[in-house]
Amino acid sequence: MKMSNLYLPTLKETPAEAEVPSHQLMLRAGMMRTLTAGIYTYLPLGWRVIRKVEDIVRQAMNESGAQELLMPIIHTAELWKESGRWEKFGPLMIKFQDRKGRDYCLGPTHEEVITALVRGEIRSYKDLPVNLYQIQTKVRDEIRPRFGVMRGREFIMKDAYSFDRDYEGLDRSYRAMYDAYMKAFTNCGLEVRAVEADTGAMGGSESHEFMVLAEVGEDRIAFCDSCSYAANVEKAVAGEREVSGSEEMKEMEEVHTPGQKTIEEVSEFLGVDPAKTIKSLALLADGEPVLVLVAGDDQLNEVKLANYLAANELTPVADEDFEKYFSSTPGFIGPVGLEGIRVLADLRVKDIVNGVAGANKTDYHLINVNPGRDFIVDEYLDLRIVKEGDPCPKCDGKLEIKSGIEVGHIFKLGTKYSESMEATYLDENGKEQFIVMGCYGIGISRLVAAAIEQNHDEKGIIWPKAIAPYQVIILALGDDEEVVKVTEELYQELTARGVETLLDDRKERPGVKFNDADLIGIPLRITVGARSLKNNTIEARVRRTGEEIQLELENTVDKIIEILDRIE
RNA sequence: CGGAGCGUGGCGCAGUUUGGUAGCGCACCUGUUUUGGGAACAGGGGGUCGAAGGUUCAAAUCCUUUCGCUCCGACCA
């Protein structure tokens, strides 16, 4: 493509609307433009990258045996009511009516549509297994779209759905997708870690997320520094911590702690290690009050709690509602002497000896509190967010925490949807069975943003070759006849040999061309100017490394392809 | 939805405190000279200040309402 004809509006300055590097660079490099928050137009350069990623993903999917199809974006409400998610997904869906007043939504995901499709076709165990996928625009009315295409309200997703006769089959399908995903991400030139994940609104049993490690990532991931354990912190579990020494239980006492509400305040006021305080959190789980206890130096993991309680919604008890459940103001509640409220505690609370807790009396705390002796916990379970340095649950290592961008997510759904939507087959005995399902997503547009987060410098994007919009950019410096002739020939020949090449033939000064080439991140730059032509050479420069190579004007195209071949 | 910030030519911003009828840089158009890391000079076009209402002789500026954008949180694949 000749750049004099390319619709490539690059920006010299960073738009005020963009905060993170990938968002800024996608706008500056002329890859996309904003329509409104979370909704974007892909310009020719950006679309090329999207298509590259799609093709790589498509190939990995096809090789795994999955088959591509295309489902509608418009879904009927009946389907979603059938699965029970019309209400559950609720505000996340864009809903509307047709002229007859019938309800629809724009598809945020496609379990319902695919299940409705497949249940009509699959009758026998002989029809299984099957894995169907599509690459399509998804629509989700996100509460807070942000970071450009990282979390958009409209985004491109590859979603696949597997159908098996049993759980062994599902395990095989799941494994095949896991492998295909790793392959697709690697082929895109990305460094991705697979981590154990929570299943969230999709439901199901097992789940992995594929994470691109990046500072701007919205997810936090816990890694073991010595074994392969890795999990989203929503899911991560820490190993047993050593309990230091044994201490005699002392007699419980009430102490005056005026105005000391937070753990920090109380522990400082009483001169006690925060780990020995018991943090009491009053929550409503779908409206039911529950008191949750965690050690003062821990944070409650609400995902774990919500999963355990099978609650859709967890909200803190509002300050003004405290008197409904407690005899003190916020900051002084605790488990001792509390009645009529379910009490759950993190496992670490069990080990606290002579701890501190709220006295259920405004401006008072209790010291030398001992679980079991002074109060009863209905259930102990793992409820805390793991921290940097926590022991690994699988080995003797320690956990590290890093930020990541979720570019893929795979789920073992089991029969969640086949049961609610009655998707069944007949086994060898003629007995009706529910189809066992899995679902698998890759955020194509998010992956592009993640690739930029992982591959950029102060000058701009540095595309991995596999997803670069073009592999080579030829800069024609000046309009010297010889320069025009040489660049034109190079361009024609490279293109003829299948190398995707940009020719910067614009009437711009050299600085503009250099800067644009760096900004849009083409892996290999070829510079041709009158000056170098005098020595019968041209210059090649590798975007990622900055390596410069002088090339004699002889078999130049061979040499360029040679250099290109060794670029990642 | 709660908190914070911001909406002024295409982009980045000043002007708002203390009302007096809009300015700078970049970009754009024409011309000349330039041409290896975002050129220089000269000339030129383009905004009614997010929107609506109000106060005032007079509103970008003050008041009210509203819409949008960004960030933090809640929430969310």
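Proteins get letters first, then strands, A, B, ... in listed order; numbering begins at 1 in each. In this text the structure is predicted, and so the values were computed from the model without any measurement.
- With both ends at atom P, the span from G25(B) to G68(B) equals 35 Å, rounded to whole Å.
- Among the atoms of the strands shown, base atoms are found under 4.0 Å from some heavy atom of Gly529(A).
- Across the P atoms, U61(B) and A52(B) are found 12 Å apart, a figure rounded to whole Å.
- Proximity of Arg144(A) to the phosphate of C72(B): a side-chain N or O atom is located under 4.0 Å from OP1 or OP2.
- The pairing partner recorded for U18(B) is none, the criterion being a Watson-Crick or G-U wobble arrangement whose two distances lie under 3.5 angstrom.
- Classification of the Tyr104(A)-Phe96(A) ring pair by plane angle, with boundaries at 30° and 60°, yields parallel.
- A salt bridge links Arg58(A) with Glu68(A): at least one charged nitrogen is closer than 4.0 Å to a carboxylate oxygen.
- On the P atoms, C71(B) is 32 Å away from A39(B), given to the nearest whole Å.
- Here the nucleotide nearest the side chain of Pro15(A), chosen from C69(B), A77(B), G12(B), is G12(B).
- The distance from atom CG of Leu11(A) to atom P of C28(B) is 12 Å, rounded to the nearest whole Å.
- Taking a pair to require two hydrogen-bonding distances under 3.5 Å in either a Watson-Crick or a G-U wobble arrangement, G45(B) remains unpaired.
- Across all strands shown, the partner of G25(B) is C11(B), judged by Watson-Crick or G-U wobble contacts whose two distances both fall under 3.5 Å.
- Ranked by how close their nearest RNA chain B nucleotide is to the 5' end, Glu19(A) and Lys459(A) are led by Lys459(A).
- Of all the residues in residues 467-480 of chain A, Leu477(A) reach under 4.0 Å from RNA chain B with at least one non-hydrogen atom.
- Between the side chains of Tyr417(A) and Arg85(A), at least one donor-acceptor pair of N or O atoms lies under 3.5 Å.
- Under the 6.0 Å distance and 45° angle rule, Lys412(A) counts as a cation-pi partner of Tyr174(A).
- A perpendicular orientation is assigned to the rings of Phe185(A) and Tyr181(A), their planes being inclined by more than 60° (bins at 30° and 60°).
- Distances shown here put every side-chain N or O of Ser532(A) at or beyond 4.0 Å from the OP1 or OP2 atom of G36(B).
- Spacing between atom CZ of Arg146(A) and atom C1' of A4(B) amounts to 15 Å, rounded to whole angstrom units.
- When heavy atoms are screened at a 4.0 angstrom cut-off, Phe147(A) is found touching the sugar-phosphate backbone but no base atom.
- Taking the six-membered ring where the residue is Trp, the centroids of Tyr178(A) and Phe210(A) are separated by under 6.0 Å.
- Ion pairing of Glu218(A) with Arg146(A) is present here, as a side-chain N (NZ or NE/NH1/NH2) and a carboxylate O approach within less than 4.0 Å.
- Here C75(B) presents its C1' atom at 10 Å from CD of Glu302(A), a figure rounded to the nearest Å.
- Pair assignment for A77(B) gives none, since no Watson-Crick or G-U wobble pairing has each distance under 3.5 Å.
- Taking atom P on both nucleotides, G15(B) is separated from A77(B) by 43 Å, rounded to a whole Å.
- When the P atom of C76(B) is taken as reference, atom CD of Glu142(A) falls 11 Å away, rounded to whole Å.
- Contact annotation for Glu539(A): base contact, defined as any heavy-atom pair under 4.0 Å involving a base atom.
- Within the structure, salt bridge (Lys or Arg N to Asp or Glu O under 4.0 Å) pairs that include any residue of residues 33-47 of chain A do not occur (at least two apart or interchain).
- On the P atoms, A14(B) is 28 Å away from G53(B), given to the nearest whole Å.
- For A22(B) and A60(B), the P atoms lie 9 Å apart once the distance is rounded to whole Å.
- At the heavy-atom level, Arg33(A) lies nowhere under 4.0 Å from the strands shown.
- There is a side-chain donor-acceptor pair under 3.5 Å between Thr34(A) and Glu17(A).
- Residues Glu218(A) and Thr14(A) both approach RNA chain B. Their nearest nucleotides, taken by heavy-atom distance, put Thr14(A) toward the 5′ side.
- G19(B) and C76(B) have their C1' atoms separated by 46 Å, given to the nearest Å.
- Base pairing of U64(B): its partner is A52(B), meeting the Watson-Crick or G-U wobble criterion (both donor-acceptor distances under 3.5 Å).
- The CD1 atom of Ile143(A) sits 13 Å away from the P atom of G2(B) (whole-angstrom rounding).
- In this structure, Lys88(A) fails the cation-pi test against Trp80(A), since its NZ or CZ atom is not both closer than 6.0 Å to the six-membered ring centre and inside 45 degrees of the ring normal.
- Closest to the side chain of Glu13(A), from the set C76(B), C11(B), U70(B), is C11(B).
- Comparing the C1' positions of U17(B) and C63(B) gives a spacing of 16 Å, expressed to the nearest Å.
- Nucleotide C75(B) holds its P atom 11 Å from the CG atom of Asn301(A), rounded to whole Å.
- Here Glu142(A) pairs with Arg151(A) in a salt bridge; the nearest charged N to carboxylate O distance falls below 4.0 Å.
- Taking atom CD of residue Glu112(A) and atom P of nucleotide A77(B), one finds them 13 Å apart after rounding to whole Å.
- Paired with Asp518(A) under the rule salt bridge (charged side-chain N to carboxylate O under 4.0 Å, His left out), one option of Arg28(A), Arg544(A), Arg525(A) passes, and it is Arg525(A).
- Atom CG in Leu300(A) sits about 10 Å away from atom P in C75(B), given to the nearest Å.
- Using a 4.0 Å heavy-atom cutoff across all strands shown, Ala530(A) reaches no nucleic acid atom at all.
- Nucleotide U32(B) has A40(B) as its partner under the Watson-Crick or G-U criteria, with both atom distances under 3.5 Å.
- Of the residues in residues 503-523 of chain A, those with a non-hydrogen atom less than 4.0 angstrom from any atom of RNA chain B are Arg509(A), Pro510(A), Gly511(A), Val512(A), Phe514(A), Asn515(A), Asp516(A), Asp518(A).
- Stacking here means ring centres nearer than 5.5 Å and ring planes tilted less than 30 degrees, and by that measure Phe411(A) does not stack onto A77(B).
- Side-chain contact of Asn307(A) with Asp198(A): a donor-acceptor pair under 3.5 Å is present, judged by distance alone.
- The partner of G5(B) is C69(B), judged by Watson-Crick or G-U wobble contacts that both fall below 3.5 Å.
- Of all nucleotides listed (A77(B), C26(B), U70(B)), C26(B) comes nearest to the side chain of Lys12(A).
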